[in-house]
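Beneath this line is the structure, given in structure tokens, with notes to follow.
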Amino acid sequence: MRGNVQQSMLKVLFFGDITGEPGRKAVKQSLPGLLETEKPDLVLANVENLAHGKGVTVKTLEELIRAGINGFTGGNHIFSKKEFSDEALTKYSDRLVRPANIPDTYAGNTAIKLVTSKGAVLVGNFLGQVFMENQFHDPITSAFAGVEFWQKQNQSPDVVATLIDFHAEATSEKIAFGYFLDGKVSAILGTHTHIPTADAKVLPGGTAYITDVGMCGAAGSVLGVKKELSLERFLTGNRVSFDIPDDASSVELSYVIIIVDESTGKATEIRAVHQIVKLA
Ligand SMILES: [Fe+2]
Ligand SMILES: [Fe+2]
């Protein structure tokens, strides 16, 4: 019999899309305090926008590894600077997972297993198809069609919890995916929109769910990029390229805390946090 049930639970902290330097700074500044107060067994982050908003590099990933983040997920932008992301996906294939439902010609692993003191945690990343930039022209597989096969392929006796970052635009597709997998995985965490949603909940079958965790990126921006550039694009139709406000002093920090009973793999709690961090 366990002396303290709460202590036997697996606790995971997951940061939404860390966007450029402002996001990295806010996470690095906040994480020591969170490790102290929350004492998570595992820290994860979505890094599709890590390097100046576009993809991931070895250097930026290593910044976060040093800060104490254990595992990373991707999204449609992970390959924005492909030569850099290929290097990161290869060097850190044991802790950076790329979307599973894209062609096998892309670099990187489609599943990672991260070891904690409570057992191994299987982490996956799937792309939605509704309203997404049609970046991957492949007949393959919606996330719905592929995820159960993925799970069977990657399941092993040491896995105590399975978490999926569902990277998608449409709220309907996201909650439908949540119900599709309710009771089959420990958590479905939505990313990509950079806007946090107020619907964190444990679904009836024991899957922790949120439509979108939100971003870790510059406050006063449009989704983490300079608002003036986004406005120009909307007002003129010009294809202006986006940029990150590197001088941001306030940053939105968005994350969730999930608690999973490692004896059943079911979630018992999900808590979403959105705050403004003043950079030191
Ligand atoms: Fe993103
Ligand atoms: Fe995205």
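Counting convention: from 1, in listed order, for ligands and their atoms alike. Since this is a predicted model, take the numbers as computed values, not measurements.
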Distance-only donor-acceptor hits, side chain of residues 198-206, under 3.5 Å, sequence neighbours excluded:
residue : atom : partner : partner atom : Å
Asp199  : OD1  : Thr197  : OG1          : 2.7
Asp199  : OD1  : Thr211  : N            : 3.2
Asp199  : OD2  : Thr211  : OG1          : 2.4

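- Taking the charged nitrogens against the carboxylate oxygens, Asp41 and Lys11 have no contact shorter than 4.0 Å, which rules out a salt bridge.
- Annotation: Glu36, atom CD; neighbour count of heavy atoms from other residues, nucleotides and ligands within 6.0 Å does not exceed 12.
- Around the Fe ion (ligand 2), protein N, O or S atoms at a distance under 2.8 Å total 5; waters are neither shown nor counted.
- Applying the side-chain hydrogen bond (donor to acceptor under 3.5 Å, both in side chains) definition to pairs two or more places apart or across chains, those involving residues 223-232 are Lys226-Asp243.
- Note that NE2 of His194 and CD of Glu252 are 10.5 Å apart. Values are rounded to the nearest 0.5 Å.
- Among residue pairs with one or both ends in residues 49-76, those qualifying as salt bridge (Lys or Arg N to Asp or Glu O under 4.0 Å) are Arg24-Glu63, Lys28-Glu63, Glu62-Lys91; sequence neighbours excluded.
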